[in-house]
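Read through the structure below, which is laid out as structure tokens, and then see the notes.
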Amino acid sequence: MEKAILVTGGAGYIGSHTAKALSQAGYLPITFDNLVYGHSWAVRWGPLFEADLANTTALQQVLRDYKVEGVIHFAAYAYVGESMAHPEKYFRNNVVNTLNLLEAMQAAGIRSIVFSSTCATYGLPGETPIPEDHRQHPINPYGESKLFIERVLHWHHVAHGLCYAALRYFNAAGADPDGEIGEDHDPETHLIPLAIETALGKRNCLDIFGTDYPTPDGTAIRDYIHVTDLATAHVRALEKLLAGSGGFCVNLGTGQGHSVRQVVETVKEIGGREVVVRESPRRPGDPPILVAAPTRAGQLLDWYPRYSDLSTIIKTAWDWHERQRRENESPRTIRN
Ligand code: UDP
């Protein structure tokens, strides 16, 4: 029988791609998602429980009923700007709900958890590329909430032998190469989907936030990593934990940076359409350059990105958005 893995936030962008990767690797992903930001149509490889992690009864029941053997924990709020305005919302949802989850896991005897962390835990980097042992000094409550959970996991590891992997993503992007699922945020704030939507005529123009950064073309540089590569890394990390070893943090990035203007140019090339841009002031809190030192993930997890060159990222995202646009012209099919 397939091993059941609880995927909190499995109806979200990275969660749903990971559920697919789990299923392909022979596991049964059990999605636990309150559907505040997730989509039921993205849950296609196992059952969906529509519930909040604050609902301890529902959580305990799912862990028991499915004899869950490991957890991949995505469920969290992830809007940096909103976290600056409402930090309490982020600490309650991201931190307190994780404490609930860990208690429920402990009660059920589950010892393995892969945690969705972020490069936002580093704050303003003092060196680039950023290694895992770089100082962590978040500059917003979102990053702080994720760092707090990393520390909680560390102390559960020390005290209770919990096996954990905290995966610090850089910029997740792209869509399932088979076209089954993709990125669908509301509101959308990320560069690549916004650039594509502008090219497709769904938006009038794309703001380029900051053209006076100390970078070759004056725009900010990020390390874009394909969501399917992220999904594979979660499965690798889970397997390491289930084999009994774990208590580590790794960056998930490519080690290569691309500027906002390079992203816009690639969207134009791949889509064959214009992207109208407006040069705008910097977005508060955006560092000039965020690029991962990616070697630890290779050493620990034997993980190397396969789909993360910028053209593949944008091609898969483009195909997904094009298809969405066509489907939105007719009523959307609910596919679960
Ligand atoms: N960005 C931009 N215009 C937008 C959205 C983002 O110029 O409409 C820039 C943003 O300032 C950052 C990069 O694109 O330098 C990536 O931003 P995104 O929001 O995709 O991810 P983040 O790095 O903030 O996690």
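Every value quoted in this text rests on a predicted model; they were computed, and no experiment measured them. Just follow the structure's listing: the first ligand is 1, and inside any ligand the first atom is 1.
Proximity of a side-chain donor or acceptor of Lys3 to a complementary backbone N or O of Gly70 within less than 3.5 Å is not detected. Looking only at distances, a side-chain donor or acceptor of Thr232 sits under 3.5 Å from a matching main-chain atom of Thr228.
Atom numbering of ligand 1 starts at 1 in the shown order; those under 4.0 Å from a heavy atom of Leu194 are 8 (O). Taking a cut-off of under 4.0 Å to the non-hydrogen atoms of Tyr224, the atoms of ligand 1 that pass are 13 (C), 16 (C). Heavy-atom proximity to Ile208, at under 4.0 Å, picks out these atoms of ligand 1: 7 (O). In the vicinity of Leu206, heavy-atom distances shorter than 4.0 Å reach the ligand 1 atoms 8 (O). For ligand 1, the atoms sitting less than 4.0 Å from at least one non-hydrogen atom of Ala220 are 15 (O), numbered in the order shown with element in parentheses.
Taking atom 11 (O) of ligand 1 as the reference point, the nearest protein heavy-atom neighbour is Asp286 OD2, 2.6 Å. The protein heavy-atom contact nearest to atom 9 (C) of ligand 1 is Val260 CG2, 3.8 Å. The nearest heavy-atom contact from the protein to atom 7 (O) of ligand 1 is Phe209 N, 2.9 Å. With hydrogens left out, the protein atom closest to atom 25 (O) of ligand 1 is Asn171 ND2, 3.7 Å, a heavy atom. With hydrogens left out, the protein atom closest to atom 3 (N) of ligand 1 is Asp207 O, 2.6 Å, a heavy atom.
Using a non-hydrogen distance threshold of 4.0 Å, Tyr79 does not register as a contact of ligand 1.
With respect to Glu279 and Arg261, a salt bridge is recorded, a charged nitrogen being found less than 4.0 Å from a carboxylate O.
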Worked verdict on Arg168 versus Glu132 for salt bridge (charged side-chain N to carboxylate O under 4.0 Å, His left out): CA-CA 9 Å; Arg168 297 180 188 148; Glu132 284 86 353; over 6 Å; no
Step by step, work out the ring pair (Phe, Tyr, Trp, His ring centres under 6.0 Å) result for Tyr90 and Tyr79. CA-CA 9 Å; Tyr90 278 67; Tyr79 289 103; 8.1 Å; no
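The option with the heavy atom closest to atom 17 (O) of ligand 1, from among His190, Arg283, Arg222, is Arg283. When Val263, Val80, Thr198, Thr189 are checked for heavy-atom proximity to atom 5 (C) of ligand 1, Thr189 turns out nearest.
Taking Arg203 as the reference, Glu197 meet the salt bridge (charged side-chain N to carboxylate O under 4.0 Å, His left out) condition, with sequence neighbours excluded.
Residue pairs meeting the salt bridge (charged side-chain N to carboxylate O under 4.0 Å, His left out) criterion with at least one partner in residues 30-41, sequence neighbours excluded, are absent.
Between His39 and Trp41, the ring planes are parallel. Angles under 30° get that label, and only those over 60° would be called perpendicular.
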